[in-house]
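These notes concern the structure reproduced below.
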2 protein chains.
Amino acid sequence: MKGYLWAPSAATQVKEPGNWESMAVDAVGNVIEFWGFKRNQGRVWAFLYLRDEALSAAELERDLDLSKGGVSMLIRDLERWGVVLRVRMQGDSSWRYRAETDLLQMARRVIEEREFAFISRIRTDLVEARKLAEQDPSATKAKIDRIRRMELLAEATEKALAVFLKTSRFDVGAMFELFRT
Amino acid sequence: MKGYLWAPSAATQVKEPGNWESMAVDAVGNVIEFWGFKRNQGRVWAFLYLRDEALSAAELERDLDLSKGGVSMLIRDLERWGVVLRVRMQGDSSWRYRAETDLLQMARRVIEEREFAFISRIRTDLVEARKLAEQDPSATKAKIDRIRRMELLAEATEKALAVFLKTSRFDVGAMFELFRT
DNA sequence: CATGCAGTTCAAAACGGCTTGAACTATATG
DNA sequence: CATATAGTTCAAGCCGTTTTGAACTGCATG
């Protein structure tokens, strides 16, 4: 299955027992994948966040086992979303990267944009289908009612999504603020 | 992106203007894909639901442009979830299929099982990582705090998911009941 | 019990998203 | 300005998921 909302697929957890850092990093990768982002975006952020210092692309490449190009693109996304900051160290020709809290706020923002657009598009389609049906003499009243019920399905999905985002705002947002370093 | 929760990817909407039935069917396919199921599972259900009669596998195959094997597997899933019923018509050697309301209830049930397991697994991993860190003398207090904050992220995600499912229950569940034919 | 049709299974193909890595650009340094 | 190193781009490859279709099973019928 693929899943706009949530898709299964095995949680390929590389164990490496005893290495709590990579455990935590991978766990965040999984959460962020659940939220609809790339696993490695979460891993990069988590790694920077946990280390709490500005690291070079080379370090990310080595410690997270990513390719050069991959790091570049992942960083670009995270920067664009404002969860990672690029800093120039004095006396150093290369950039270093640092995690900004908080990740969840970003996730919410991005999802708000793209998922609501997606769902509301579906609703529009259903409304249009119903309107066409209403003008079609061969469409029975019962059929039109059924389309209307399908609209409710989309509406409720949208609403549930909104509540989901709001909950996460209060719940984690607040906690994150509280804990902010 | 792949996305446990929601993944983007273009909404390939086959237009076929004027055909409101396939418009509605595809729209439901998109909603259900958003909920993490296969697009075609949603399309089959929607088609049966809209037609409101028991249809043969051959009809599904033809009208939804699916393969023989595909129909068989899709029906099997939908039957297992209890949203499609298999009925034997008298004087007919083949099966016919009929939609049971409601789809959303099924979605919730399935998600409840698989997603909560997934998220709580992540939480467990983070807790374990923290415990290991706490025993590691080289791990600073600040690092451990950061892992704890990551746990909050997972906890809040779980909570938001719970609220999401509850909302969809009240909201659509109730509406569906109301409208049930 | 032979025939034909409905339905199932599953290996292979198609598909789509993610990552890689080589070529390229930009920037700092001597 | 030449060289080296850092960073970017993107076509190709990889990998997991979904779909296909041919072989197979089961069942009803003459």
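Each chain gets a letter, A, B and so on, in the order its sequence line appears, and its residues count up from 1. Since the structure is predicted, the reported quantities are computational estimates derived from the model, not experimental observations.
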Here the distance between atom P of D:dT20 and atom NZ of B:K38, to the nearest Å, is 11 Å
Rounded to whole Å, the CD1-P distance (A:I75 to C:dT19) equals 14 Å
OP1 or OP2 of D:dG7 sitting under 4.0 Å from any side-chain N/O of A:Y97? yes
Note to self: By the 4.0 Å heavy-atom rule, please label B:R86 as base, sugar-phosphate, or nothing.
What the structure shows: sugar-phosphate
Listing, residues 131-142 of chain A side-chain donor-acceptor contacts under 3.5 Å, not counting sequence neighbours, or none:
from	atom 1	to	atom 2	distance (Å)
A:E134	OE2	A:R130	NH1	3.1
A:D136	OD1	A:S138	N	2.8
A:D136	OD1	A:S138	OG	2.8
A:D136	OD2	A:S138	OG	3.3
A:D136	OD2	B:W20	NE1	3.1
A:T140	OG1	A:K143	N	3.1

Checklist entry - Passes salt bridge (charged side-chain N to carboxylate O under 4.0 Å, His left out), A:E53 versus A:R98? Steps please. => result CA-CA 6 Å; A:E53 50 185 333; A:R98 164 174 267 294; over 6 Å; no
Residue set satisfying side-chain contact (heavy atoms from CB on, under 4.5 Å) with A:R76, at least two apart, ordered chain then number -> A:M73
Sequence neighbours excluded, the answer for side-chain contact (heavy atoms from CB on, under 4.5 Å) partners of A:E59 is A:L55, A:S56, A:R62, A:R96
Those residues at least two apart in sequence (or on a different chain) that pass salt bridge (Lys or Arg N to Asp or Glu O under 4.0 Å) with A:D65 are none
In whole angstroms, the gap separating C1' of C:dA6 from CZ of B:R96 amounts to 12 Å
Nucleotide by nucleotide, nucleotides 20-30 of chain C touches protein heavy atoms under 4.0 Å in the pattern (B base, S sugar-phosphate only, - none) BB------S--
Are the aromatic rings of A:W81 and A:F37 close, with centres under 6.0 Å apart? yes
inquiry  = Does A:S94 reach a base, just sugar-phosphate, or nothing at all? Heavy atoms under 4.0 Å.
reply    = sugar-phosphate
Across all chains, not counting sequence neighbours, the salt bridge (Lys or Arg N to Asp or Glu O under 4.0 Å) partners of B:R123 are B:E158
Requested in this report: Scan A:A57 against the nucleic acid and name what it touches under 4.0 Å (heavy atoms): base, sugar-phosphate only, or nothing.
Outcome: sugar-phosphate
A:R43 atom CZ is separated from C:dT19 atom C1', nearest whole Å, by 12 Å
Atom CG of A:L74 and atom P of D:dC10 are separated, to the nearest Å, by 16 Å
Atom CD of B:E61 and atom P of C:dC5 are separated, to the nearest Å, by 14 Å
Using a cut-off of less than 4.0 Å, is there contact between a side-chain N or O of B:R76 and OP1 or OP2 of C:dT9? yes
Separation of C:dG7 atom P from B:D77 atom CG, nearest Å, is 16 Å
Separation of C:dG7 atom P from B:E79 atom CD, nearest Å, is 11 Å
